[in-house]
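Naming convention: chains lettered A, B, ... in sequence-line order (proteins, then strands); numbering from 1 in each chain.
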Amino acid sequence: MKSEQDVLAIVEELKKLYPEAICSLDYQKPHELLFATRLAAQCTDERVNKVTPGLYGRFPTLEALANADISEVEELIHSTGFFRAKARDIVAASRMLLDEYGGVVPDTMEDLLRLPGVGRKTANLILGDVYHKPGVVVADTHCIRLSGRLGLTDGTKDPAKVEAQLRKILPPEESNDFCHRLVLHGRAVCMARGPECANCTLRPWCDFYSGSC
DNA sequence: ATCCCGAGGG
DNA sequence: CCCTCTGGAT
């Protein structure tokens with residue numbers, strides 16, 4: 001596995017490469033990030049950002065979303081895929097947020113997971129980016145792939161295991177930003193297909209490079 | 001054919 | 001662990 005020095009070296013190198021560890025989903029309010037993340041399932045952030053202005057323009061508040069016609073939501077989000085399940089979840093979660101949480105997106109994993117269509121990925125994004133909780137690890141497709149290649153994890157693709165393994169080795173105050181940077185690096189350099197190892201400054205610490213690349 | 005900052009159900 | 005849900009880009 002990886003030494004503590006290697007982990008910190010990777011953390012620092014990613015900081016240099018991507019100074020601002022930002023989420024690339026556009027949003028203004030917490031519930032807008034929540035639903036943008038739901039829409040991002042098997043869909044690029046870029047495409048999500050093309051439909052959310054229309055969705056949140058037509059339904060500007062949680063109340064509007066809670067009372068929205070499902071088929072109208074389906075049309076607005078159609079191009080993101082899985083549109084039936086996503087539309088159903090967005091309206092149902094809006095209702096639960098109003099009925100049980102006073103319209104405030106909750107700040108605990110337990111409560112977030114009760115919301116329809118909210119899994120660990122979405123919940124962690126809210127805990128990290130909205131509430132700035134320490135020790136948040138967002139195990140999405142990029143995080144899972146890059147962590148495995150670098151050798152930060154044992155190669156598992158199970159999000160819960162990746163989450164647990166990263167939480168053990170990352171400084172809690174760095175973990176959330178680190179995951180955002182993995183996403184940025186996963187898009188720019190360490191793509192799923194044809195990773196550009198020649199352009200990658202993480203090579204000194206990367207198992208994938210020393211192995212099969 | 002494979003991938004995109006997944007979630008839910010079996 | 002597996003499968004399904006769905007569209008768009010490469």
| task | Identify whether any heavy atom of Asp158(A) sits under 4.0 Å from a base atom; if not, whether one sits that close to sugar-phosphate; answer base, sugar-phosphate or nothing. | result | sugar-phosphate
| Donor-acceptor pair under 3.5 Å: do we get one between His142(A)'s side chain and the base of dC4(B)? | no
| Checking all strands, does Arg145(A) fall into the base, sugar-phosphate, or nothing category for heavy-atom contacts under 4.0 angstrom? | sugar-phosphate
| task | Would you check if there is a donor-acceptor pair between the side chains of Thr153(A) and Gln165(A) at a distance under 3.5 Å? | result | no
| field | Distance in angstrom units between Arg187(A) CZ and dT10(C) C1', rounded | value | 16 Å
| field | Integer-rounded Å distance: dA7(B) C1' and Ile77(A) CD1 | value | 14 Å
| said: What is the distance, to the nearest angstrom, from the CZ atom on Phe82(A) to the C1' atom on dC3(C)? | reply: 11 Å
| remark: Winner on side-chain proximity to Arg193(A), out of dG7(C), dC4(B), dC3(B), is dC3(B)
| message | Can you measure Ile90(A) atom CD1 to dG8(B) atom P for me and round it to whole angstrom units? | response | 13 Å
| query | When we call it a touch if two heavy atoms are under 4.0 Å apart, what does Pro116(A) touch: a base, just sugar-phosphate, or nothing? | reply | sugar-phosphate
| 5'-most by nearest nucleotide on DNA chain B - Leu113(A) or Gly186(A) | Gly186(A)
| Selection: residues 24-55 of chain A, any non-hydrogen atom under 4.0 Å of DNA chain C | Gln42(A), Cys43(A), Arg47(A)
| message | Can you tell whether the side chains of Lys2(A) and Asp207(A) come within less than 4.0 Å, N to carboxylate O? | response | yes
| Main-chain N/O of Thr80(A) paired to Lys86(A) side chain as donor or acceptor, under 3.5 Å | yes
| said: At less than 4.0 Å, is any side-chain N or O atom of Arg84(A) found next to OP1 or OP2 of dT6(C)? Yes or no. | reply: yes
| field | Ring-face cation contact, Tyr209(A) with Arg203(A), 6.0 Å cut, 45° max | value | yes
| Rounded to the Å, how far apart are Arg114(A) CZ and dG8(B) P? | 13 Å
| said: Can you see if the side chain of Thr122(A) gets near the phosphate of dC5(B) - specifically, an N or O under 4.0 Å from OP1 or OP2? | reply: no
| request: Find the distance Lys157(A):NZ to dC3(C):P and express it as a whole number of Å. | output: 14 Å
| query | Over how many whole Å does the gap from Met191(A) atom CE to dC4(B) atom C1' extend? | reply | 14 Å
| query | Expressed in angstrom and rounded to an integer, what is the separation of Asp140(A) atom CG from dC5(B) atom P? | reply | 8 Å
| field | OP1 or OP2 of dC4(B) under 4.0 Å from side-chain N/O of Thr141(A) | value | yes
| message | Once you apply a heavy-atom cut-off of 4.0 Å, does Gly119(A) come out as touching a base, just sugar-phosphate, or nothing? | response | sugar-phosphate
| task | Check whether the side chains of Arg47(A) and Ser79(A) place a donor and an acceptor atom closer than 3.5 Å, and report yes or no. | result | yes
| Taking all atoms of both residues into account, what is the closest heavy-atom pair of Ser94(A) and Leu65(A), and its distance? | OG-CB, 3.4 Å
| query | Hey, does Cys143(A) reach any base, or is it just sugar-phosphate, or nothing, if we go heavy atoms under 4.0 Å? | reply | nothing
| Base, sugar-phosphate alone, or nothing: which one does His78(A) contact when heavy atoms must sit under 4.0 Å apart? | sugar-phosphate
| note | Given the options Ile90(A), Leu97(A), Leu39(A), Val130(A), Leu34(A) meets side-chain contact (heavy atoms from CB on, under 4.5 Å) only with Leu97(A)
| said: Would you measure the distance from the P atom in dA1(B) across to the matching atom in dT4(C) and give it in whole Å? | reply: 16 Å
| Looking for any heavy atom pair under 4.0 Å, which part of the strands does Phe83(A) touch: base, sugar-phosphate only, or nothing? | sugar-phosphate
| query | Which heavy atom in Ala68(A) sits nearest to a heavy atom in Val73(A), and how many Å separate them? | reply | CB-CG2, 3.8 Å
| said: Taking the P atom in each of dC3(B) and dC3(C), what is the distance between them to the nearest angstrom? | reply: 16 Å
